[in-house]
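A quick write-up on the structure given underneath.
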Amino acid sequence: MARSVLSHPRDKERLLDELERDVMSTLTELASYGADKAGGVTRLLYTEEWLAAQRALAAKMSGCGLEAEFDEVGNLFGRLQGEDAEAPAILTGSHIDTVVQGGMYDGAYGIAAGLAAVAHLKRNFGRPKRALEVVSLCEEEGSRFPMAYWGSGSIVGKRDFEQIAGLRDARGVAFSDAMTGCGFGESAGRRRSLRSVIGAFVEAHIEQGAVLETEGACIGVVEAIAGQRRLQFEVTGEANHAGTTPMRLRRDALEGASAMMQALRREALRRGDPLVATVGRLQVQPNVPNVVPGKVSFTVDARHVDGQLLARFCEWVKRTFERMADERGLRIEGRTWFREEPVPMDAGLTRQLEEACGDLAVSARRMASGAGHDAQMFAHRCRTAMLFVPSRRGISHSPEEYTEPRELAAGALVLTELLYRIGYGEERLS
Ligand SMILES: NC(=O)NC(NC(N)=O)C(=O)[O-]
Ligand SMILES: [Zn+2]
Ligand SMILES: [Zn+2]
């Protein structure tokens with residue numbers, strides 16, 4: 001087996017041209033599924049545009065000579081069989097879903113890069129020692145239903161059908177109805193999602209921050225992924241007439257909630273980086289100009305690379321919000337609907353990723369991820385590594401999300417090299 005996918009350094013530009021062409025073709029096609037008027041992409045789990053994107057990817061995978069198959073929750077796999085049918089497969093990919101009015105790269109890039117890499121390896125090196133699978137994970141963001149990592153979590157056993165019972169989206173559509181409506185679910189007769197043995201998982205993703213761009217590095221070698229909590233609060237006061245209710249007699253739920261949000265921001269700033277806290281969703285009832293708001297619900301998304309410091313901050317949030325509600329004669333209910341602990345990437349596989357960057361003369365730097373990723377799920381079950389490519393001005397979860405095609409190709413080149421070494425090499429996964 002040759003040491004590298006490059007038989008000579010002069011082959012690098014030609015391979016970058018090929019990978020850039022293939023990655024951009026897949027990204028452009030996927031961006032058409034859920035293209036919204038704001039110029040971004042909205043492709044939520046189990047919607048028509050989500051299903052159309054998965055079906056288009058299945059056709060692309062088959063067109064590359066891979067065995068395309070959906071599992072019971074709608075994860076899509078494109079498999080390149082290995083010589084050793086018993087050897088645990090190596091998976092690469094990311095999530096197909098997006099946030100509302102998101103960009104065309106978050107998630108989709110990892111799928112496009114994985115497909116370009118495995119297709120190149122198949123064409124040029126034939127059958128690997130162990131199976132290589134490109135995976136389009138059905139959901140990661142938690143944008144439609146109060147459930148995140150549904151795709152990767154179902155594969156590694158951290159999500160199951162009991163957890164989605166009773167969940168509904170903002171329009172009242174039941175999770176289970178949306179899932180069965182797309183032809184998935186427990187009784188759809190598809191392969192079970194849970195996989196007991198996985199050789200490794202490698203995810204390519206946009207950085208969604210500005211470190212690589214600021215430092216002029218091509219690749220982020222991810223060492224760890226931050227932990228995160230998502231909390232939902234309901235503040236209840238008393239709806240009343242905006243014209244006849246004196247200020248001192250009001251129990252204004254929005255005034256109380258806004259004071260809590262200001263306190264949240266001040267405390268997060270006081271505790272300092274890398275702690276972040278975000279109020280992303282706010283709903284006011286009855287939400288009309290001439291009524292004192294009687295009820296407000298809002299979300300808090302809190303993250304930190306240190307699990308203990310994250311837990312302590314969330315305890316402060318709950319304690320402080322309860323005190324502030326009491327002081328105003330308001331009621332407050334809070335619940336944590338999502339939590340993931342910080343997780344390190346596999347040291348050996350990360351070292352191999354870094355070595356591949358060096359051998360390919362692609363600049364790289366080690367870093368942590370403030371964003372959550374499917375790699376966070378797989379890291380509990382198998383050797384997992386992750387690479388980033390730069391995000392222009394660090395922008396993501398926005399129609400302004402952008403990465404240069406050549407930067408996307410460089411990430412795909414490193415991914416191709418790593419998959420070649422661990423998929424075709426004799427040595428066991430280190
Ligand atoms: N890559 C992501 O944008 N992930 C997002 N989604 C989750 N589940 O973390 C996030 O908010 O960081
Ligand atoms: Zn995202
Ligand atoms: Zn993502």
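In listed order, ligands and their atoms are each counted from 1. Because the structure is predicted, anything quoted here is derived from the model rather than measured.
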Query raised in the report: At under 4.0 Å between heavy atoms, which part of Asp106 makes contact with ligand 1: side chain, backbone, both or neither?
Result: side chain
Query raised in the report: How close does the nearest protein non-hydrogen atom get to atom 9 (O) of ligand 1, and which residue and atom is it?
Result: Gln228 NE2, 2.7 Å
Query raised in the report: Counting heavy atoms not belonging to Arg123, are there more than 12 under 6.0 Å from its CZ?
Result: yes
Requested in this report: Look at the side chain of Glu407 and the backbone N and O of Glu404, then say whether any donor-acceptor pair between them is shorter than 3.5 Å.
Outcome: yes
Query raised in the report: Among Gln376, Glu340, Gln163, which one satisfies side chain to side chain contact (heavy atoms under 4.5 Å, CB included) with Lys158?
Result: Glu340
Report task. Indicate, with yes or no, if the rings of Phe145 and Trp150 have centres closer together than 6.0 Å. Result -> no
Report task. Any atoms of ligand 1 less than 4.0 Å from a non-hydrogen atom of His373? List them with their elements. Result -> 1 (N)
Requested in this report: Taking only heavy atoms of Arg230 into account, list the atoms of ligand 1 that are under 4.0 Å away from them.
Outcome: 6 (N), 7 (C), 8 (N), 9 (O), 11 (O)
**Report entry** Numbered atoms and elements of ligand 1 in range of Gln208, under 4.0 angstrom, heavy atoms
**Finding:** 1 (N), 2 (C), 3 (O)
Report summary line: Ranked by distance from atom 2 (C) of ligand 1, the top protein heavy atom is Gly372 O, 3.3 Å
Query raised in the report: Can you list the ligand 1 atoms lying under 4.0 Å from a non-hydrogen atom of Ala371?
Result: 12 (O)
Query raised in the report: Can you find an N or O of Asp301 that's nearer than 3.5 Å to an N or O of ligand 1?
Result: no
Report task. With heavy atoms of Tyr149 as the reference, note each atom of ligand 1 found under 4.0 Å away. Result -> 7 (C), 8 (N), 9 (O)
Query raised in the report: Between Asp301 and Arg303, is there a salt bridge with N-O shorter than 4.0 Å?
Result: yes
**Report entry** Phe70 ring center within less than 6.0 Å of Phe77 ring center
**Finding:** no
**Report entry** Sub-4.0 Å atoms of ligand 1 with respect to non-hydrogen atoms of His205
**Finding:** 1 (N)
Report task. Quick one: report the N, O or S atom of Glu141 that is nearest to the Zn ion (ligand 2). Result -> OE2
Report summary line: Of Glu140, Gln376, Arg303, the residue with the heavy atom nearest atom 10 (C) of ligand 1 is Arg303
Query raised in the report: In this structure, are over 12 heavy atoms from other groups packed under 6.0 Å from Glu341 atom CD?
Result: yes
Query raised in the report: Of Glu67, Glu69, Glu133, which is the lone residue that meets side chain to side chain donor-acceptor pair (under 3.5 Å) with Arg79?
Result: Glu133
**Report entry** Sub-6.0 Å ring centroid separation between His120 and Tyr420
**Finding:** no
Query raised in the report: Does Arg190 come within less than 4.0 Å of Asp71, counting only side-chain N to carboxylate O?
Result: no
Report task. May I ask you to identify the nearest protein heavy atom to atom 5 (C) of ligand 1, giving residue, atom name and distance to one decimal place in Å? Result -> Glu141 OE1, 3.2 Å
Query raised in the report: Measuring to the Zn ion (ligand 3), does His95 have an N/O/S atom at a distance below 2.8 Å?
Result: yes
**Report entry** Atom name of the N, O or S atom in Asp106 that lies nearest to the Zn ion (ligand 3)
**Finding:** OD1
